[in-house]
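The structure under discussion is supplied below as structure tokens; questions concerning it will follow.
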Number of protein chains: 2
Amino acid sequence: MKSPGHVESVVTDAKLVEQRRGQILKAAVKLFSEKGYYITTVQQIAAKAGVSTGLIYQYFGDKDDVLFLALNRVLETYEREIPRRLEGIEHPVDQLCTGLWAYCSIVDGMREETVLAYRSTKSLRADRRNLIKEKETKTNRLLGECLHACIEQGHMNPVNEYLLVYQYVTFCHAWALKGWAFRGKFTLSDYVSEGIALLVEPFLTAKGRTALDSLRRRTNGFSAERWPKQQPARPRARNN
Amino acid sequence: MKSPGHVESVVTDAKLVEQRRGQILKAAVKLFSEKGYYITTVQQIAAKAGVSTGLIYQYFGDKDDVLFLALNRVLETYEREIPRRLEGIEHPVDQLCTGLWAYCSIVDGMREETVLAYRSTKSLRADRRNLIKEKETKTNRLLGECLHACIEQGHMNPVNEYLLVYQYVTFCHAWALKGWAFRGKFTLSDYVSEGIALLVEPFLTAKGRTALDSLRRRTNGFSAERWPKQQPARPRARNN
DNA sequence: CGACAAAATGAATGAACGCCCAGTCGCTTC
DNA sequence: GAAGCGACTGGGCGTTCATTCATTTTGTCG
């Protein structure tokens, strides 16, 4: 009830807290995203996680805490992984395209979690909803900065950046949200490169187009093989 | 439990059923979209609608029925109003742009309902979820046909239609979903014309561009005044 | 091994809520 | 004005579920 961002735990051993919370959150995310927050009962989470109901209250203050930490993990993954994948890339057009690819492929690795983040933010207590919204905005800014640099440096014609960034974000989320429709029609890398054709390419200057062509050549037409297909590096996922 | 699309009512007078359901749904939509389906109690709906809890069960079989009819109304409004606004418009580019405008302005008139449709479809019983999804698809097809005609008749270069239509749809929905962020920055008609600049204009052929220019001249740069700003014609809304 | 603490259990609790139904009200018919 | 009828009311039943806590298990250290 004090700082909205903190979650109390009765258990003191930090290592154990981390491990147990991971175990419980993994089960919770699956259930929440399948059936929704309110339908899922704490007993179901406990059963799926292989622990007792009481144990959950040793590691979380209440059910809302569970949702909050679940959402928080998703957004922190974005915030951590996207910059990591952009490291060492200098050219703004490369950055933008790689940013889109990174975002989409992280989404791909966390489809359930992404859907959850989309659908369940409103189920959080109001003070926490704002924390989550801020993190969302921070992620958007990552793509926004890439876009801005493209325009600033004359690779792209001036456009309504605000709106276009929003299109980028929904495009990436859509891979999770409408996955049932898209995944039959595209591979992930097709999806990204089609997206780039629709949402990046049309706005490039001649200079920018040259850069995109070069990127395409280097990455073999955005085929997955040549792209850095790193694992999302989920922290300490033990099995599978 | 028989046909998933039908909702039982104890009351026989069809006129009265229509009126009462409207009254109850209006309250329900407001509460559902503010607080979510599961948090909202039937007693709250009753209180807001100014009736007793028992009465709700005279007009709906259960709580799920209330949500279903609420969502159904939203989608039926789209399905009915968009074609109505396209009537008499021949040129495909005009059709597409007017379709986007129509969709956005209907969304604008039903912001709460649109958000509800987005967030709460998963709260429906499974058989009904599909009915709703079908209606959604049908609406998307309206824009899809406009886009297809543009390409077919050489006003637009070939693009990935499937993906672009999806961008159109999310663009229109975004006006309701991210309204808190957008409404400070754009008027609705600014929003639509910026959207057209981003998602239509870049793909036009020379021929198509001429058509768009002409449309812009006729509509005064998409300013709201010159567009057909019809009321959404919500059926029998009495007060305000 | 015994003692103690930390961690884990799961049955019990109590509050909330969907739905029902016995009863009231007001209108129509004869 | 009595009788019948459909609309409407709202208190309460039965269930579900978040949360608690008395108890057991596990692990550690002397």
Side-chain angles (χ1 to χ4, degrees), chain A residues 1 7-32 34-70 120 123-125 128, chain B residues 1 6-32 34-70 120 123-125 128 238:
Chain A
M1 198 47 53
V7 171
E8 215 53 56
S9 171
V10 174
V11 177
T12 50
D13 178 356
K15 203 76 193 164
L16 184 56
V17 169
E18 186 56 29
Q19 190 253 312
R20 283 296 202 196
R21 281 187 176 171
Q23 174 186 7
I24 292 164
L25 286 174
K26 188 177 166 185
V29 163
K30 184 151 282 172
L31 289 166
F32 286 165
E34 271 168 16
K35 318 158 34 129
Y37 175 72
Y38 287 103
I39 301 197
T40 302
T41 68
V42 174
Q43 0 273 13
Q44 288 170 334
I45 298 171
K48 186 144 216 156
V51 300
S52 64
T53 52
L55 192 73
I56 290 181
Y57 289 89
Q58 305 258 316
Y59 294 94
F60 301 88
D62 56 20
K63 195 183 171 190
D64 188 89
D65 280 353
V66 179
L67 179 60
F68 174 66
L69 280 197
S120 298
S123 304
L124 275 179
R125 291 196 325 248
R128 293 181 154 177
Chain B
M1 199 46 55
H6 194 249
V7 172
E8 215 52 55
S9 171
V10 174
V11 177
T12 51
D13 177 356
K15 204 76 192 164
L16 185 56
V17 169
E18 186 55 29
Q19 189 252 311
R20 283 297 202 194
R21 280 187 174 172
Q23 174 187 7
I24 292 163
L25 286 175
K26 188 178 167 185
V29 163
K30 183 152 284 171
L31 289 167
F32 286 165
E34 271 167 17
K35 315 157 39 127
Y37 175 73
Y38 287 104
I39 302 196
T40 302
T41 69
V42 175
Q43 0 275 352
Q44 288 170 334
I45 298 171
K48 185 145 215 156
V51 300
S52 65
T53 53
L55 191 73
I56 289 181
Y57 290 88
Q58 303 259 318
Y59 292 95
F60 300 88
D62 57 19
K63 195 183 171 189
D64 188 88
D65 280 353
V66 179
L67 178 60
F68 174 67
L69 280 197
S120 299
S123 304
L124 274 180
R125 291 196 324 247
R128 292 181 154 176
R238 184 61 43 84

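A quick note: this is a predicted structure, and the numbers were derived from the prediction, not measured. Lettering follows sequence order; numbering is per chain, from 1. Atoms considered below: every heavy atom in the structure, side chains included; atoms not considered: hydrogens, waters and symmetry mates.
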Ser120(B) side, atom OG; Phe68(B) side, atom CZ - distance, nearest 0.5 Å: 14.5 Å
When the distance from CD of Gln23(A) to P of dA7(C) is rounded to whole Å, what number comes out? 15 Å
Please state how far atom CG in Leu31(A) lies from atom P in dC17(D), giving the value in whole angstrom units. 13 Å
Measure the spacing between CG of Leu31(B) and NZ of Lys26(B) and express it to the nearest 0.5 Å. 12.5 Å
Start with the C-alpha gap between Arg20(A) and Val11(A), add the side-chain angles, then the distance that decides, and say whether side chain to side chain contact (heavy atoms under 4.5 Å, CB included) holds. CA-CA 10 Å; Arg20(A) 283 296 202 196; Val11(A) 177; over 6 Å; no
Please enumerate all residues that pass side-chain contact (heavy atoms from CB on, under 4.5 Å) together with Thr41(A), with sequence neighbours excluded. Gln43(A), Gln44(A)
Sorted by first residue and then second, give each side-chain hydrogen bond (donor to acceptor under 3.5 Å, both in side chains) pair with at least one member in residues 55-70 of chain A; sequence neighbours left out. Asp64(A)-Arg128(A), Asp65(A)-Arg128(A)
Residues pairing under salt bridge (charged side-chain N to carboxylate O under 4.0 Å, His left out) where one sits in residues 34-54 of chain A, two or more places apart or in two chains, turn out to be none
Please give, in whole Å, the distance from dG18(C) C1' to Gln44(B) CD? 13 Å
Nearest-angstrom distance from the residue atom CZ of Phe60(A) to P of dT19(D): 13 Å
Is there a side-chain contact between Thr12(B) and the phosphate of dA7(D), meaning an N or O under 4.0 Å from OP1 or OP2? yes
Separation of dA18(D) atom P from Ile39(B) atom CD1, nearest Å, is 13 Å
For the pair made of CG in Asp62(B) and C1' in dT15(D), what is the distance, rounded to whole Å? 16 Å
Could you run down the sub-3.5 Å N/O contacts of the protein with nucleotides 8-11 of chain C?
from	atom 1	to	atom 2	distance (Å)
dA8(C)	OP1	Arg20(A)	NE	2.9
dA8(C)	OP1	Arg20(A)	NH2	2.6
dA8(C)	OP2	Tyr59(A)	OH	2.3
dT9(C)	OP2	Ser52(A)	N	2.9
dT9(C)	OP2	Ser52(A)	OG	2.9
dT9(C)	O5'	Ser52(A)	OG	3.3
dG10(C)	N7	Thr53(A)	OG1	3.3
dG10(C)	N7	Gly54(A)	N	3.3
dA11(C)	N6	Thr53(A)	OG1	3.3

ring-ring contact (aromatic ring centres under 6.0 Å, His included) partners of Phe32(A), counting only residues at least two apart: Tyr37(A)
Which atoms of nucleotides 27-30 of chain D (N or O only) lie under 3.5 Å from a protein N or O atom, and what are those distances?
none

Nearest whole angstrom, please: distance from the C1' of dA7(D) to the CD1 of Ile24(B). 12 Å
How close or far is atom C1' of dC17(D) from atom CG of Asp64(A), stated in whole angstroms? 16 Å
Does dC20(C) have its OP1 or OP2 closer than 4.0 Å to a side-chain nitrogen or oxygen of Tyr57(B)? no
Gap between atom CD1 of Ile45(A) and atom OG1 of Thr40(A) - 0.5 Å precision: 6.0 Å
Touch class at under 4.0 angstrom, heavy-atom based, for Ser9(B) against every strand present: nothing
As an exercise, state the distance from CG of Leu16(B) to CZ of Arg21(B), rounded to the nearest 0.5 Å. 10.5 Å
